[in-house]
Amino acid sequence: MTLPDDTVARLKQAAEHWEAVPMTTRLRLVRRFRRLLRGRWRMLPSLFPARPAVETWTAELLPLLAACRFLERNAKKILRARKAGVWRRPLWLPGVTSRVERRPYGTVLILAPGNYPLMLPGIQLLQALVAGNMVALKPAPGGEAAARLLVELLVRAGFPPAVCIILPTDSGAEAVAAGFDLIVLTGSAQTGRQVLQDAAQTLTPTIMELSGVDPVFVLPGADLAHVARRLAYGVRLNNGATCIAPHRVFVRHEDKAALLASLRFTLAQKAPLLCDSAGQARLRALTERIEAAGGRVEMVGDVTIFTQVEGLHRLLDTDIFMPWLALTGISDIEEAMMLEKSMSYALGASIFGPVPEASRLARRLRSGSVCINDLIVPTADPRLPFGGAGASGYGVTRGPEGLLALTRPVATSVRT
């Protein structure tokens with residue numbers, strides 16, 4: 001697919017007009033968008049027939065509605081200019097006052113994921129528009145309908161049609177090289193490396209929200225039945241296609257058998273999943289490598305559980321979006337931390353156990369999001385930034401930090 005040569009130029013021309021629109025007007029349009037989206041709740045499950053309707057409402061609709069409300073209430077304050085006046089001004093700058101403004105990048109390319117094609121690009125899209133940018137949205141294959149719905153509701157809410165255009169699903173490489181002012185990618189680490197390589201040719205800044213292979217730490221005193229229920233929920237969410245799903249579980253040797261038994265009981269009661277065939281092939285290859293190295297594997301329903309991976313943890317450093325868990329027996333938390341530090345991914349993490357001990361451990365982790373006695377769900381809070389480290393990318397989306405990341409600071413100084 002070839003993009004028209006003037007795609008970015010047209011967006012940049014329109015960006016000058018959109019940047020001049022008052023913030024109050026932009027937020028009024030967001031409120032209209034939210035109301036229109038809420039009115040479509042009945043039809044949304046039809047966009048995602050492979051998963052239960054309740055997952056679509058809780059994982060796509062509710063977080064996006066909450067993100068709209070967050071912007072309506074907070075965006076104006078977050079993006080407000082900051083004055084640097086006389087107070088604490090350096091002595092060698094007499095008569096100088098300064099002002100720091102947040103200005104939009106101009107044109108933002110959003111490379112959307114396939115696992116949550118409404119909520120994730122929807123939040124990024126709205127934050128980009130509220131910050132004053134124009135957007136080109138490239139959906140992942142299968143996400144076209146969600147992208148069209150987003151743009152349709154934007155226009156119906158009163159946004160100018162030019163503020164967002166949808167690019168073909170196969171235009172990613174061309175779009176990255178086209179000269180946008182900022183690129184926001186949600187995808188795999190492999191895709192992130194390729195986008196970075198291409199974006200470097202035009203020195204285009206990027207925000208990389210990449211894969212994870214999240215750890216779970218089960219501390220002494222944790223409620224193992226509760227841990228099993230949360231693991232069963234998280235590993236199966238969206239048919240296993242969740243970047244912050246739990247995968248690597250660290251549990252004391254003396255608690256491992258009880259946790260495994262509780263997991264078996266919980267998972268055996270679950271309905272069948274509809275998993276991606278390419279993901280299934282990758283998971284089979286991982287299973288074969290672990291078995292060949294002496295590990296043990298069992299299937300419980302649709303979930304693959306690696307029940308013996310002690311000494312094989314290096315094989316788990318992989319971002320396979322499928323329902324799988326690896327239970328690693330440990331002597332103490334220091335052993336778990338040693339293993340965790342050897343991993344390249346650092347997106348999310350969960351800790352189960354007494355809150356004081358869990359809080360101390362949380363401060364030692366590299367992960368961008370840490371949940372204590374829960375997993376996944378708290379990260380949908382629109383007040384919180386989301387992003388990772390290492391092979392999980394850099395930069396953040398969502399929350400005040402994510403909104404600010406879609407602008408650049410400009411300092412203006414005046415001598416009187």
Only pairs at least two apart or in different chains count here, so list each salt bridge (charged side-chain N to carboxylate O under 4.0 Å, His left out) that has a residue in [range].
| range | answer |
| --- | --- |
| residues 370-392 | R230-D374, D381-R383 |
| residues 7-21 | D6-R10, K12-D181 |
| residues 397-416 | none |
| residues 68-80 | R34-E72 |

Measuring from atom [atom1] of [X] to atom [atom2] of [Y], what distance do you get when rounded to the nearest 0.5 angstrom?
| X | Y | atom1 | atom2 | answer |
| --- | --- | --- | --- | --- |
| L120 | T397 | CG | OG1 | 7.5 Å |
| L27 | L129 | CG | CG | 11.5 Å |
| R366 | S392 | CZ | OG | 8.0 Å |
| S188 | F321 | OG | CZ | 8.0 Å |
| S342 | M337 | OG | CE | 10.5 Å |
| T407 | Y105 | OG1 | OH | 7.5 Å |

Which heavy-atom pair separates [X] from [Y] by the least distance, and what is that distance?
| X | Y | answer |
| --- | --- | --- |
| A349 | L365 | CB-CD1, 3.8 Å |
| M119 | P63 | CG-CB, 3.7 Å |
| G329 | E310 | N-OE2, 2.6 Å |
| T204 | F180 | CG2-O, 3.3 Å |
| L347 | L210 | CD2-O, 3.6 Å |
| S344 | D317 | OG-OD2, 2.9 Å |

Sub-3.5 Å donor-acceptor pair from the side chain of [X] to the main-chain atoms of [Y], do we have one?
| X | Y | value |
| --- | --- | --- |
| S171 | L167 | no |
| N239 | L274 | yes |
| R248 | V213 | yes |
| S359 | V355 | yes |
| R102 | L404 | yes |
| D332 | E334 | yes |
| N133 | G106 | yes |
| S262 | A258 | no |
| S98 | A84 | no |
| R314 | L339 | no |

- Task: Decide side chain to side chain contact (heavy atoms under 4.5 Å, CB included) for I244 and T379; before the verdict, give the C-alpha distance in whole Å, the side-chain angles of both, and the deciding distance to 0.1 Å.
- Result: CA-CA 9 Å; I244 51 172; T379 65; 3.2 Å; yes
- Task: Could you please spell out the steps behind the side chain to side chain contact (heavy atoms under 4.5 Å, CB included) verdict for D214 and H247?
- Result: CA-CA 6 Å; D214 282 14; H247 290 299; 5.6 Å; no
Quick one: ring pair (Phe, Tyr, Trp, His ring centres under 6.0 Å) partners of [X], sequence neighbours excluded?
| X | answer |
| --- | --- |
| F70 | none |
| F217 | F250 |
| F306 | W324 |
| Y233 | none |

- Query: Please walk me through it: do R364 and E340 pass salt bridge (Lys or Arg N to Asp or Glu O under 4.0 Å)?
  - Reply: CA-CA 11 Å; R364 300 176 60 188; E340 176 60 19; over 6 Å; no
Taking the side chain as everything from C-beta on, heavy atoms only, tell me whether [X] gets closer than 4.5 Å to [Y].
| X | Y | result |
| --- | --- | --- |
| F386 | S369 | yes |
| V184 | V108 | yes |
| L126 | L71 | yes |
| V249 | T328 | no |
| R28 | R26 | no |
| V176 | I183 | yes |
| V370 | S350 | no |
| M23 | V130 | yes |

- Result of checking L231, I351, L237, V227 against L375 for side chain to side chain contact (heavy atoms under 4.5 Å, CB included): L231
Consider only side-chain N and O atoms of [X] and [Y], and report whether a donor and an acceptor are under 3.5 Å apart.
| X | Y | value |
| --- | --- | --- |
| S367 | Y345 | no |
| Q280 | D276 | no |
| Q124 | T186 | yes |

- For D319, salt bridge (Lys or Arg N to Asp or Glu O under 4.0 Å) partners two or more places apart: R282
- Query: Who pairs with D255 by salt bridge (Lys or Arg N to Asp or Glu O under 4.0 Å), at least two apart in sequence or on another chain?
  - Reply: R252
- Are C371 and I376 close enough, and set up right, to give a side chain to side chain contact (heavy atoms under 4.5 Å, CB included), and what steps lead you there? CA-CA 7 Å; C371 296; I376 300 178; over 6 Å; no
- Item | L154/L125 under side chain to side chain contact (heavy atoms under 4.5 Å, CB included): CA gap, chis, key distance, verdict | CA-CA 10 Å; L154 287 175; L125 167 60; 3.7 Å; yes
Residues 42-54 side chain polar contacts: donor-acceptor under 3.5 Å, at least two apart:
unit_1: S46; atom_1: OG; unit_2: M43; atom_2: O; d: 2.5
unit_1: R51; atom_1: NE; unit_2: T56; atom_2: OG1; d: 3.2
unit_1: R51; atom_1: NH1; unit_2: N115; atom_2: O; d: 3.4
unit_1: R51; atom_1: NH1; unit_2: N238; atom_2: OD1; d: 2.7
unit_1: R51; atom_1: NH2; unit_2: E60; atom_2: OE2; d: 2.4

Can you give each donor-acceptor pair under 3.5 Å made by side-chain atoms of residues 134-153, sequence neighbours left out, with the distance rounded to 0.1 Å?
unit_1: K138; atom_1: NZ; unit_2: T169; atom_2: O; d: 3.0
unit_1: E144; atom_1: OE1; unit_2: G142; atom_2: N; d: 2.9
unit_1: E152; atom_1: OE2; unit_2: R40; atom_2: NH2; d: 2.5

